[in-house]
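The structure under discussion appears below in the form of structure tokens.
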Amino acid sequence: MKLSSREMVLAGMFAAAIGVLSQFTIPFGPIPLTLQTFAVGFVVTVLGKKTGTLAILIYLLMGFIGLPVFAGGSAGIGVVFGPTGGFLVGFIFNGLVTGWLIEKTPTNYFWSILANVAGAFITLFFGSLWLKFGASLPWSGAFSAGMIPFLIPGLIKAVAAGYLGHLISQRLPRSFSYSK
Ligand SMILES: O=C(O)CCCC[C@@H]1SC[C@@H]2NC(=O)N[C@@H]21
């Protein structure tokens, strides 16, 4: 996979933006409600699959090496082994699937929002799987903790990310955003 320096710079800038938006959290038991999911969807909608997923990977790397970019300022590789680790891994698959859908479907608000809804669901699914196998919760407990409370907020954030991501990508100069 070839990456231009423009794509690398864009990915780095948008990774930082995910880090900033991740600081907007509402404590919600061990798994906070956060704007991270909005940020991930927005970034992939603007940058597309390759550069968007790269931005997510850079964001995760920043957190793993100790920069306080995860939800509420947490950091370190240890976060992956905690209750929110599955969501972090899920962001990568969210990026790949949302980006793929954005690129394969017509460029409009409807499909951008639908791609983001699918991506948000993937994040929640990975988060719940992690809770099931990492925290040895029963399936019902894993989905009650990792999915149910976040479905409605996740839907709202996905609609916002799809709408604003599409809006901004249409207005940015071509070299700044993904274009088909
Ligand atoms: O520790 C982290 O940085 C990850 C936090 C993950 C929070 C998850 S993401 C999906 C769901 N929606 C939210 O708003 N919060 C949880």
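Just follow the structure's listing: the first ligand is 1, and inside any ligand the first atom is 1. Below, each value reflects all heavy atoms present in this structure, side chains not excepted, and no hydrogens, waters or symmetry copies.
Among all heavy-atom pairs drawn from Glu103 and Lys49, the shortest one is OE2-N, 2.7 Å. Heavy atoms only, all atoms of each residue included: Ser22 and Val69 are closest at CB-O, 3.2 Å.
Only one option out of Tyr109, Phe110, Trp111 pairs with Tyr163 in a ring-ring contact (aromatic ring centres under 6.0 Å, His included); it is Tyr109. Just one of Ile156, Val159, Leu164 meets the side chain to side chain contact (heavy atoms under 4.5 Å, CB included) condition when paired with Phe38; it is Leu164.
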For a distance cut-off of 3.5 Å, show me each N or O of ligand 1 paired with any protein N or O, plus the separation.
unit_1	atom_1	unit_2	atom_2	d
ligand 1	1 (O)	Thr84	OG1	2.7
ligand 1	3 (O)	Gln36	NE2	2.9
ligand 1	3 (O)	Ala71	N	2.8
ligand 1	14 (O)	Thr34	N	2.8
ligand 1	14 (O)	Thr34	O	3.3
ligand 1	14 (O)	Lys157	NZ	2.6
ligand 1	15 (N)	Pro32	O	2.7

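Side-chain contact of Thr123 with Asn94: a donor-acceptor pair under 3.5 Å is present, judged by distance alone.
The aromatic rings of Phe93 and Phe126 lie parallel to each other, their planes meeting at an angle below 30°, with 60° marking the opposite boundary.
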